[in-house]
Amino acid sequence: MLVVLRTVFLGIVVSLFLFLWAMSFITPWDGGDERWVPWAVAAIGIISLAWVASIRRRPLPTTSPEALARHYRALFFIGLGAAADAALLGFVGVFLGGSLWIYLVGLAFGLVGLWMIAPTRSDIERRQREITAGGSPLSLLEALTSIPPARP
C-alpha cells in the first residue's frame with residue numbers, strides 16, 4: 001500500500017504542473033487587474049499549510065497494525081486534500097484575476113504542503129519514533145507494506 005500512496009502523491013504533484021502547462025495556452029502571465037485575488041490565494045495558502053501541519057501532528061492509534069495503517073492512510077489523504085487546496089484555488093484565481101502568475105502563488109503553497117504530507121522515508125521514520133516513544137512495539141512501515149486496505 002505504501003507504493004500506492006507514493007504513486008498517488010506523485011500523480012497529484014504532476015497534475016498540478018500540468019494545470020500550469022495547460023493554462024499557459026489560454027491565460028496571459030500578467031492580464032492586468034488582479035485586485036484582491038492573489039492576496040486571497042496567499043491567505044488560503046497559509047491556512048492550508050496550518051491545516052496540513054495540524055494533520056501531521058495528529059497521533060496514530062497503536063491498538064493494532066490494521067488501525068495504524070488505516071489511520072496513516074486516512075491522514076495522508078486528508079492532508080493531500082488540504083495541501084492541494086491552495087494550488088486548486090490558485091487555479092480558480094487565474095480566472096477571477098485574469099493572470100497566470102496567480103496560480104504560481106497557489107502552486108508554491110500547494111507544493112510546500114505536499115512536501116509536508118509526503119509519505120517519505122523520513123516521514124515514516126518520524127512517525128515511527130512517535131509510536132516507539134508512546135511505548136508501542138508496532139512498526140508503521142510493516143503495517144503500510146503488509147496490510148491491504150479494507151474493502152467496503
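In this chain, numbering begins with 1 at the start of the sequence shown.
- Taken from NE2 in H71 to CZ in R58, the straight-line distance is 7.0 Å, to the nearest 0.5 Å.
- Under a hydrophobic-cluster definition in which Ile, Leu, Val, Met, Phe, Trp and Tyr are linked whenever side-chain heavy atoms come within less than 4.5 Å, directly or via other members, W39 and L107 are assigned to different clusters.
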side-chain contact (heavy atoms from CB on, under 4.5 Å), that's the test. Do Y72 and D123 meet it? Break it down for me.
CA-CA 11 Å; Y72 183 86; D123 181 59; 2.7 Å; yes
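- Counting all heavy atoms, side chain and backbone alike, P59 lies closest to R127 at CA-NH1, 4.4 Å.
- A donor-acceptor contact shorter than 3.5 Å links the side chain of S54 to the backbone of W51.
- The distance from the CE atom of M1 to the CG atom of L144 is 8.5 Å, given to the nearest 0.5 Å.
- Between the CG atom in L49 and the CD1 atom in I44 there is a gap of 12.0 Å [rounded to 0.5 Å].
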As a quick check of understanding, evaluate side-chain contact (heavy atoms from CB on, under 4.5 Å) for L5 and R73, giving each step before the final call.
CA-CA 8 Å; L5 292 178; R73 287 191 294 258; 4.0 Å; yes
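- In the hydrophobic clustering of ILVMFWY residues, with side-chain heavy atoms under 4.5 Å counting as a link, I47 and V92 come out apart.
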For a side-chain contact (heavy atoms from CB on, under 4.5 Å) check, start with the C-alpha distance between L88 and L16, then their side-chain angles and the critical distance, and finish with the verdict.
CA-CA 8 Å; L88 296 177; L16 294 178; 4.2 Å; yes
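- Under the 4.5 Å side-chain contact rule for hydrophobic residues, L10 and L18 do not share a cluster.
- Under the 4.5 Å side-chain heavy-atom criterion for Ile, Leu, Val, Met, Phe, Trp and Tyr, I46 and L89 are members of distinct hydrophobic clusters.
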Going through the distances and angles, do T145 and V3 end up as a side-chain contact (heavy atoms from CB on, under 4.5 Å)?
CA-CA 8 Å; T145 56; V3 173; over 6 Å; no
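- R6 pairs by the salt bridge (Lys or Arg N to Asp or Glu O under 4.0 Å) definition with nothing, not counting sequence neighbours.
- Of all heavy-atom pairs spanning A86 and G110, the tightest one is CB-N, 4.1 Å.
- Taking the six-membered ring where tryptophan is involved, the planes of F91 and F19 are tilted, since the angle between them lies from 30° to 60°.
- The shortest side-chain heavy-atom distance between T63 and L68 does not fall under the 4.5 Å cut-off.
- The shortest distance between side-chain heavy atoms of I117 and R56 falls below 4.5 Å.
- Closest approach of I102 and P38 over heavy atoms only: CG1-CG, 4.2 Å.
- Cluster membership check: W115 shares its hydrophobic cluster with F17, using side-chain heavy-atom separations under 4.5 Å among Ile, Leu, Val, Met, Phe, Trp and Tyr.
- A distance of 13.0 Å separates CG in L2 from CD in E142, rounded to the nearest 0.5 Å.
- Proximity of a side-chain donor or acceptor of S15 to a complementary backbone N or O of I12 within less than 3.5 Å is detected.
- In this structure the side chain of S99 never reaches within 4.5 angstrom of the side chain of V94, judged on heavy atoms.
- In summary, E66 and R70 do not engage in a salt bridge, as defined by a charged side-chain N under 4.0 Å from a carboxylate O.
- Contact detail for A143 and P65: the closest heavy-atom pair is CB-O, 3.6 Å.
- Shown here for V8 and F77, the closest heavy-atom pair between the two residues is CG1-CE2, 3.7 Å.
- Judged by distance alone, with hydrogens and angles left aside, the side-chain atoms of S136 form a donor-acceptor pair with the main-chain N or O of L138 at under 3.5 Å.
- Atom CG of residue L80 and atom CG of residue L75 lie 12.0 Å apart, to the nearest 0.5 angstrom.
- How far CZ of F95 is from CE of M23: 6.0 Å, rounded to the nearest 0.5 Å.
- Taking all atoms of both residues into account, the shortest heavy-atom contact from L114 to F9 is O-CE1, 3.2 Å.
- With sequence neighbours excluded, the residues forming a side-chain contact (heavy atoms from CB on, under 4.5 Å) with R121 are E125, listed by chain and number.
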